[in-house]
Amino acid sequence: MPTRVPEWTIVDFIHRGPWWTNRGILWLNMCLILPLLTSIINGLDSSLVNGLQILPDWQDFFDHPQGKTLGLINCAQNIGGLVGMPFTPFASDMLGRRAALFMGSLIMLAGVAMQFASTTVKMFIASRVLIGFGLTFCISAAPLLLLELSYPTQRGKITSMYNSSWYLGSVIAAWVCFASFDRQEGSQWTWRIPTLVQAAAPICQVCLIWFIPESPRYLVSKGLEGKASRILAKYHANGGSENDPLVVFELAQIRHAIRTEQEINQSTSYMSLFSTPGNRKRMMIIIAIAIFSQWSGNGLVSYYINLVLEGVGITSTETKAAINGGLQIFNLIVAMSASSLVDWVGRRALFLVSNTGMLVAFGMWTVTEALFNALHQSAAAKATIPLIFLFYFFYDIAYTSLLVSYTLEILPYKVRAKGFAVMHFTVYLTTMFNQLANPVAISAMGWWYYIVYCGLLIGELVFVMAFIVETKGRTLEETAAIFDGEQPEQDLVNMAGEAATMSMISRPMPVYQELTELDVPDLSRFDTRSNNGHDHKQDDESEIYEMKTRDIDIEKPGSPSTGASMSLASSW
């Protein structure tokens, strides 16, 4: 007789309780520290020149670079990134995420050595270009590895922490420069010591990268499903069987998503990013938030804090270095806190709060700049500093924590690396414009230049309200599918749910038992509530996954079910 059989969803198989009590997740998160270092490296490398500009010994050694020369020094790393960016998706997709990260770290070490040995401005600029070229391979591969390896309930937090870790590198750069100035003033080591610090993390990645697992999604795309299954079993199922329902569920969604993408696009190129309505909408959002991340006024402080602080009368080297270091610590705390909220508050809400707050804070910052420069009021100068901190509080809520994670999770696997490369390419272009234009514009226009950013912030808020889509509570494949209509997303849910259901039903039993006695997950820990006739089984870590029921004819536990699900059972 037909028996109502639960169609399991991923929430029914996830680990309950503190993650550190699960050895598989614990080891996995320890492995993920290595790709997480890439963001710290990026923050250190990108902020180093900002800190060096404050040091008199660096200024004296390179003859006080200004204007175009200073702009070229600041954007040299991005020039290298622009050169390497078109090739990074192919390295990640063809060689693997780990190989691309290894290659990028080696190139970076060569650039750091050249920077340390620099004797002229041209040599210094060339070393920055080489560092940027290597870094672009790392920042393209590392987030993919994080996203595709993370445990399902931790993916949002971990990938949001990735970009937030940028500020840890920025903190290190700021305070290493400060300490170097304090201990080595009057020596070339004032600026050469901070350049040596850049080599630490790439050395760790070069030595340890082959000891962490490869992305299961990359392995499935290459036909290595056995390896992918073993990785998922070891790290997601706590070293359990490859037939564990969680492993079966995840592998079912990965295979189905990749095969569906292959049917749509036999081969992928950069043009695939704009070949379907869903992809065009994705790229519109990705390019927009990449531009917003650099054209919201943050570039004024991120790359030219020396000019900004001097613009309000702060000229002491120690004071400027202390403000810069304090700001980076503040940014790190805010960004990490926002990363922990992404699965509770939601992505769209964070973007809305961020853009609204930035507009208000930057407007007030513009007023204080105008009052100090036009009326020379010292109180306005004092008010500018807390307003800079307030502006970055709202900036960090979304554009630090979500830029990378939101971009990656809305992209399907086959074009994920290429779409991510386009995001980085956009960031590089907009950053280069900031680095070249900001010092010239500040010198020519003064505080009037800030009004331009006020206008941009208004446009950004309107865009976010109109186009940002909420993605919380979905698996990686389900999140990527929401732009392609309801049916593709439902297909993924049904495919994985049925596969896991068959895995549960087909477990060998020593004797015939009633269905209610099957060895299924303990659901007593779940809260049950009704919504449109469906039962929801939920806990604190998974808020919107739904358990559905369906009629399946079952003759006997352990025997194949009849109907449409039989082919799924046999294939899994």
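Because the structure is a prediction, the values reported are computed rather than measured.
- The closest side-chain donor-acceptor pair between Thr430 and Gln294, if any, does not fall under 3.5 angstrom.
- In the displayed structure, Phe87 atom CZ is contacted under 6.0 Å by at most 12 heavy atoms of other residues, nucleotides or ligands.
- Side-chain N or O atoms of Arg155 include none that pairs as donor or acceptor with a backbone N or O of Leu147 at under 3.5 Å.
- For Thr195 and Gln115, the side-chain atoms include no donor-acceptor pair closer than 3.5 Å.
- Scanning all heavy atoms of the two residues, the minimum distance from Leu149 to Pro216 falls at CD2-CD, 3.7 Å.
- Closest of all the heavy-atom pairs between Ser160 and Ser339 is O-OG, 3.2 Å.
- A donor-acceptor contact shorter than 3.5 Å links the side chain of Ser215 to the backbone of Arg217.
- Separation of atoms CD1 (Ile397) and CG (Leu352) is listed at 11.5 Å; rounding is to 0.5 Å.
- Distance alone, capped at 3.5 Å, places no donor-acceptor pair between the Thr356 side chain and the Val353 backbone.
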- Task: Check the pair Ile468, Ile289 against side-chain contact (heavy atoms from CB on, under 4.5 Å), reporting the backbone distance first and the verdict last.
- Result: CA-CA 9 Å; Ile468 294 296; Ile289 63 175; 4.1 Å; yes
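- When the shell of 6.0 Å around CE of Met114 is examined, it contains more than 12 heavy atoms from other residues, nucleotides or ligands.
- Residues that satisfy the side-chain contact (heavy atoms from CB on, under 4.5 Å) test with Tyr453, not counting sequence neighbours, are Leu300, Phe362, Asn434, Asn438, Tyr449, Leu456.
- Residues Tyr167 and Thr400 meet the side-chain proximity criterion, which asks for heavy atoms closer than 4.5 Å.
- Distance alone, capped at 3.5 Å, is enough to place a donor-acceptor pair between the Arg348 side chain and the Met465 backbone.
- Looking at residues two or more places apart in sequence or on another chain, you find a side-chain contact (heavy atoms from CB on, under 4.5 Å) between Ala338 and Ser401.
- Taking 4.5 Å as the limit, every side-chain heavy atom of His236 sits out of range of all side-chain heavy atoms of Asn22.
- Closest non-hydrogen pair, Lys157 versus Ser340, comes out as CE-O, 4.0 Å.
- Arg128 places no side-chain N or O within 3.5 Å of a backbone atom of Ile73 that could act as its donor or acceptor partner.
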- Query: Where do Ile41 and Gln205 land on the side-chain contact (heavy atoms from CB on, under 4.5 Å) test, with the steps shown first?
  - Reply: CA-CA 11 Å; Ile41 298 169; Gln205 290 182 328; 3.6 Å; yes
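- Counting all heavy atoms, side chain and backbone alike, Ile139 lies closest to Phe420 at O-CE2, 3.1 Å.
- Residues Ser39 and Met161 are not in side-chain contact: their nearest non-hydrogen atoms beyond the backbone lie 4.5 Å or more apart.
- Within a 6.0 Å radius of CZ in Phe393, no more than 12 heavy atoms belonging to other residues, nucleotides or ligands are found.
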- Query: Is there a side-chain contact (heavy atoms from CB on, under 4.5 Å) between Glu214 and Leu145 once you walk through the steps?
  - Reply: CA-CA 7 Å; Glu214 180 58 271; Leu145 199 55; 3.7 Å; yes
- Query: How far apart are the C-alpha atoms of Gln154 and Asn29, what are their side-chain angles, what is the distance that settles it, and do they pass the side-chain contact (heavy atoms from CB on, under 4.5 Å) test?
  - Reply: CA-CA 10 Å; Gln154 297 181 351; Asn29 288 344; 3.0 Å; yes
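- The structure places SG of Cys31 at 9.5 Å from CD1 of Ile209, a figure rounded to the nearest 0.5 Å.
- Distance alone, capped at 3.5 Å, is enough to place a donor-acceptor pair between the Ser354 side chain and the Phe394 backbone.
- Residue Phe351 holds its CZ atom at 9.5 Å from CZ of Phe292, rounded to the nearest 0.5 Å.
- For Asn298 and Tyr399, the side-chain atoms include no donor-acceptor pair closer than 3.5 Å.
- When all heavy atoms of Cys204 and Leu34 are compared, the closest pair comes out as O-CD1, 3.9 Å.
- Between the OG atom in Ser170 and the CG atom in Leu327 there is a gap of 7.5 Å [rounded to 0.5 Å].
- Residues Cys138 and Met103 are not in side-chain contact: their nearest non-hydrogen atoms beyond the backbone lie 4.5 Å or more apart.
- Checking side-chain atoms of Arg347 against main-chain N and O of Val469 turns up no donor-acceptor pair under 3.5 Å.
- The aromatic rings of Phe467 and Phe463 lie tilted to each other, with the angle between the two planes from 30° to 60°.
- Between Val404 and Met423 the shortest side-chain heavy-atom distance falls below 4.5 Å.
- If you take CZ on Phe137 and CD1 on Ile107, they are separated by 5.5 Å, rounding to the nearest 0.5 Å.
- Taking CZ of Phe133 as the reference point, atom CD of Gln77 lies at 13.5 Å (rounded to 0.5 Å).
- Taking 4.5 Å as the limit, every side-chain heavy atom of Met85 sits out of range of all side-chain heavy atoms of Leu82.
- In terms of modelled atom types and a separation under 3.5 Å, the side chain of Ser296 and the main chain of Ser293 share no donor-acceptor contact.
- Here the side chains of Ile25 and Tyr235 are not in contact, with every heavy-atom distance at 4.5 Å or above.
- Residues passing the side-chain contact (heavy atoms from CB on, under 4.5 Å) test with Ile333, sequence neighbours excluded: Ile329, Ser337.
- Donor-acceptor pairing under 3.5 Å is lacking for the side chains of Glu409 and Thr159.
- For Leu101 against Ala142, the heavy-atom pair with the smallest separation is CD1-CB, 4.1 Å.
- A donor atom on one side chain and an acceptor atom on the other are not found under 3.5 Å apart for Ser140 and Ser92.
- Judged purely by atom type and a 3.5 angstrom limit, Ser150 uses its side chain to pair as donor or acceptor with the backbone of Leu146.
- Contact check for Ile40 versus Trp166: no side-chain heavy atoms found under the 4.5 Å cut-off.
- With hydrogens and angles disregarded, no donor-acceptor distance shorter than 3.5 Å links the side chain of Asn279 to the backbone of Phe274.
- Just one residue in the list Ile203, Asp45, Leu130 forms a side-chain contact (heavy atoms from CB on, under 4.5 Å) with Met108, and that residue is Asp45.
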